[in-house]
Amino acid sequence: MILIGNIIWLIFGGFVTGAGYIIGGIGICLTIVGIPFGVETIKLGIASMSPFGREIVEDDNPNSTLKIVLNVIWIFLFGWEIAMAHLVLAALFAISLIGLPFAEQHIKLVAIALFPFGRDLRKVR
């Protein structure tokens, strides 16, 4: 079921979304100051390519001072727009019964889009 969900996800927009995040992350990495944000954007792009069968996992120290400051900067610069896009898509998918699993994946991506530093989307074991 996870494989079928990820294939449908990729066909209907997941590949384009993930590629956009990765290309944007590479663009952000061109500046030295933007490298941490670019790495997180690329990580978000890889996570958005196949969200089925993954869960949000916190790093060893997700609430360190540096990660909190970077998350606050992220929210003001990029995060709120990305989170709103995933939230709107989740609402659109939740209208139909067939779209509920896809809405759930978008809700999962909202959490990563708001606070990417110190959190990751990893495979469920």
Side-chain angles (χ1 to χ4, degrees):
M1 189 64 175
I2 293 171
L3 179 65
I4 293 171
N6 281 328
I7 289 171
I8 294 170
W9 179 272
L10 282 173
I11 290 171
F12 291 106
F15 179 76
V16 174
T17 304
Y21 285 141
I22 292 170
I23 292 169
I26 291 170
I28 294 171
C29 282
L30 293 177
T31 65
I32 293 173
V33 175
I35 289 175
F37 301 104
V39 169
E40 293 301 316
T41 306
I42 292 170
K43 185 174 78 173
L44 183 61
I46 293 169
S48 69
M49 289 267 194
S50 60
F52 285 91
R54 295 176 183 251
E55 64 183 359
I56 297 174
V57 179
E58 292 186 344
D59 294 341
D60 294 335
N61 191 6
N63 295 322
S64 69
T65 307
L66 178 62
K67 289 179 182 175
I68 289 173
V69 169
L70 289 173
N71 276 329
V72 168
I73 293 169
W74 171 270
I75 288 172
F76 284 117
L77 294 179
F78 316 107
W80 72 272
E81 296 100 341
I82 297 170
M84 285 303 294
H86 284 296
L87 197 60
V88 167
L89 287 171
L92 290 174
F93 278 114
I95 291 171
S96 70
L97 188 61
I98 296 171
L100 284 177
F102 299 100
E104 181 183 354
Q105 303 311 310
H106 276 292
I107 295 296
K108 195 185 314 180
L109 290 172
V110 166
I112 291 290
L114 280 178
F115 305 106
F117 291 95
R119 286 146 193 87
D120 198 9
L121 209 57
R122 295 192 189 135
K123 289 185 181 181
V124 177
R125 295 181 190 228

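Val39 and Val69 are members of different hydrophobic clusters when ILVMFWY side chains are connected at heavy-atom separations under 4.5 Å. Clustering ILVMFWY residues whenever any of their side-chain heavy atoms sit less than 4.5 angstrom apart, transitively, puts Ile2 in a cluster other than the one holding Phe15. Taken together through direct or relayed side-chain contacts under 4.5 Å among Ile, Leu, Val, Met, Phe, Trp and Tyr, Ile75 and Met84 form part of one hydrophobic cluster. Note on Leu66 and Val33: separate hydrophobic clusters, where clusters join Ile, Leu, Val, Met, Phe, Trp and Tyr whose side-chain heavy atoms are under 4.5 Å apart, directly or indirectly. One hydrophobic cluster holds both Phe12 and Ile7 under the rule that ILVMFWY side chains link at heavy-atom gaps under 4.5 Å.
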Under 3.5 Å, side-chain donor or acceptor atoms of residues 87-101 against the rest of the protein: list the pairs with distances, not counting sequence neighbours.
| unit_1 | atom_1 | unit_2 | atom_2 | d |
| --- | --- | --- | --- | --- |
| Ser96 | OG | Gly99 | N | 3.2 |

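Residues Ile56 and Asp120 fail the side-chain proximity criterion, which asks for heavy atoms closer than 4.5 Å. For the pair Ile46/Tyr21, no side-chain contact is recorded, criterion being any heavy-atom separation below 4.5 Å from C-beta on. In this structure, the side chains of His86 and Ile107 stay at 4.5 Å or more apart for every pair of heavy atoms. Between Asn71 and Pro116 there is a side-chain heavy-atom pair separated by less than 4.5 Å. Contact annotation: the side chain of Val57 approaches that of Glu55 to within less than 4.5 Å [non-hydrogen atoms, C-beta and beyond]. Asn63 has its side chain out of reach of Phe115: every pair of non-hydrogen atoms, C-beta onward, lies at least 4.5 Å apart.
Taking the side-chain hydrogen bond (donor to acceptor under 3.5 Å, both in side chains) definition, one finds that Thr17 meets it with nothing, sequence neighbours left out. For Arg54, the side chain to side chain contact (heavy atoms under 4.5 Å, CB included) partners are Ser50, Leu121, Lys123, not counting sequence neighbours. Checked against side chain to side chain contact (heavy atoms under 4.5 Å, CB included), Leu77 has the following partners two or more places apart in sequence or in another chain: Ile73. Evaluation of the side-chain hydrogen bond (donor to acceptor under 3.5 Å, both in side chains) rule for Lys108 yields Gln105 as partners, not counting sequence neighbours.
Contact detail for Ala83 and Ala113: the closest heavy-atom pair is N-CB, 4.0 Å. Of all the heavy atoms in Ile22 and Ile42, the pair that sits closest is O-CG1, 3.9 Å. Nearest heavy atoms, Leu109 versus Trp9: CD1-CZ2, 3.8 Å. Closest non-hydrogen pair, Ser48 versus Gly18, comes out as OG-CA, 3.4 Å.
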Where do Leu10 and Met49 land on the side-chain contact (heavy atoms from CB on, under 4.5 Å) test, with the steps shown first? CA-CA 6 Å; Leu10 282 173; Met49 289 267 194; 3.9 Å; yes

Verdict with supporting geometry, Asp59 and Arg122, salt bridge (charged side-chain N to carboxylate O under 4.0 Å, His left out): CA-CA 11 Å; Asp59 294 341; Arg122 295 192 189 135; 3.3 Å; yes

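Remark: aromatic rings of Phe37 and Phe117 are close, center separation under 6.0 Å.
Classification of the Phe102-Phe52 ring pair by plane angle, with boundaries at 30° and 60°, yields perpendicular.
Taking OG1 from Thr65 and CG from Leu70, the interatomic distance works out to 11.0 Å, rounded to the nearest 0.5 Å.
Pairs of residues two or more places apart, or lying in two chains, that qualify as salt bridge (charged side-chain N to carboxylate O under 4.0 Å, His left out) and include a residue from residues 24-53 are Glu40-Lys43.
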